[in-house]
Amino acid sequence: MTPSPATETPSQDYAAGVDQLATVGRLLDRPELARVYVYVCYYGPVTRPEIVETLDVPKTTVYDHVGTLEALGAVALVGDRPVAVSAAPVLIDADGITVTPTLLHAVAMQVIDKDIAHFTERHGVGKLAAAVRQAGLHYAGRITQRMVAEPLGISTGEAIQIVLALEPVLAAGKQHDPHFKNLFPDVADDIAFDADIDVTAPLSDTES
């Protein structure tokens, strides 16, 4: 999803940037698409049957989602027999807005995590993005779970709940997202988690 600057004119680069914004907008709005995209981004190239098995999504649904993502330019089909699905990690970092696979992972988790789904339904994707940032500060040791509540304008109990729900998202992002430091430029190196947290399948139903 990231254009090559060496072969593009400024107008082409601008057009590609607008296209990328539109694609990210679709992923933020459709968590089921974001889930497939992030899985491919973290573990690809992978075949469509592998996506079906790991994410436990019907075959026809996976093929439809991959087709939609390919049309959006978010994934590409590579190889032959078996055809694999590949994705480049998105990065939008401008005007105070940063989007990387880690944030898209948080959005995707609405599909399988009831706490994240409830939080987003109640407060919206924008506040979920802010919660990701606050959770990062917590896991970097900068703030307590309770201190997350005030800047988000939510209750203490809700803050604790969303911070805990986002732990596997941040753990997977630190391991697999090459743009993780763009999301947490001041604390990325300090973010740490329990040694036994499982990040091998961060989008599977085993997390819910």
Side-chain angles (χ1 to χ4, degrees), residues 1-93 98-113 116 132 168-183 188 197-208:
M1 296 175 68
T2 303
S4 171
T7 59
E8 296 185 349
T9 66
S11 60
Q12 288 173 325
D13 186 64
Y14 179 81
V18 171
D19 287 343
Q20 187 182 54
L21 283 171
T23 296
V24 169
R26 289 289 297 278
L27 296 178
L28 291 172
D29 191 50
R30 295 188 59 185
E32 71 280 4
L33 287 180
R35 186 182 179 209
V36 173
Y37 166 74
V38 173
Y39 176 73
V40 173
C41 186
Y42 282 177
Y43 299 106
V46 292
T47 65
R48 283 169 287 195
E50 288 174 321
I51 299 172
V52 170
E53 180 179 0
T54 301
L55 301 188
D56 194 22
V57 177
K59 178 180 177 180
T60 54
T61 302
V62 167
Y63 275 70
D64 286 346
H65 287 349
V66 169
T68 300
L69 290 168
E70 184 185 19
L72 290 171
V75 304
L77 300 183
V78 297
D80 185 27
R81 295 185 183 180
V83 173
V85 188
S86 178
V90 64
L91 172 62
I92 292 178
D93 196 356
T98 303
V99 179
T100 80
T102 299
L103 179 56
L104 293 175
H105 184 182
V107 170
M109 287 294 287
Q110 293 176 77
V111 176
I112 58 174
D113 188 293
I116 293 177
V132 170
V169 172
L170 297 182
K174 185 166 185 179
Q175 182 169 328
H176 298 291
D177 182 356
H179 305 309
F180 191 76
K181 285 189 176 182
N182 291 77
L183 203 57
I197 188 168
D198 180 15
V199 297
T200 57
L203 294 146
S204 69
D205 283 320
T206 56
E207 284 189 353
S208 59

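Nothing here was measured: the structure is a model prediction, and the numbers come from that model.
- A distance below 6.0 Å separates the ring centres of Y43 and H176.
- For the atom pair L91 CG and L103 CG, the distance stands at 11.5 Å (nearest 0.5 Å).
- The distance from atom CG of L28 to atom OG1 of T23, rounded to the nearest 0.5 Å, is 11.0 Å.
- Taken to the nearest 0.5 Å, the OG1 atom of T102 stands 13.5 Å off from the NZ atom of K181.
- The shortest distance between side-chain heavy atoms of V85 and T47 does not fall below 4.5 Å.
- Between L55 and V62, every side-chain heavy-atom pair lies at or beyond the 4.5 Å cut-off.
- Taking every heavy atom of both residues into account, P49 and Y63 meet most closely at CD-OH, 4.4 Å.
- Across Y37 and A74, no two heavy atoms sit closer than the pair CE1-O, 3.5 Å.
- Between the CD atom of E53 and the NZ atom of K59 there is a distance of 13.5 Å, given to the nearest 0.5 Å.
- Between atom OG1 of residue T100 and atom CG of residue L183 there is a gap of 4.5 Å, rounded to the nearest 0.5 Å.
- Heavy atoms only, all atoms of each residue included: T54 and Y39 are closest at OG1-OH, 3.1 Å.
- Between V57 and R35 the shortest side-chain heavy-atom distance falls below 4.5 Å.
- Proximity of D177 to V38: side-chain heavy atoms (C-beta onward) are nowhere separated by under 4.5 Å.
- The CZ atom of R30 lies 6.5 Å from the NE2 atom of H65; values are rounded to the nearest 0.5 Å.
- Closest heavy-atom contact between A34 and A108: C-CB, 3.8 Å.
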**Report entry** Trace of the side chain to side chain contact (heavy atoms under 4.5 Å, CB included) decision for I51 with V66
**Finding:** CA-CA 10 Å; I51 299 172; V66 169; 4.2 Å; yes
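- Of all the heavy atoms in Y42 and G173, the pair that sits closest is OH-CA, 3.6 Å.
- The heavy-atom pair separating A87 from V75 by the smallest distance is CB-CG1, 4.0 Å.
- Within the 4.5 Å cutoff, no side-chain heavy atoms of H179 are placed close to those of D93.
- Of the possible donor and acceptor atoms, one in the side chain of Q110 sits under 3.5 Å from a partner among the backbone N and O of V107.
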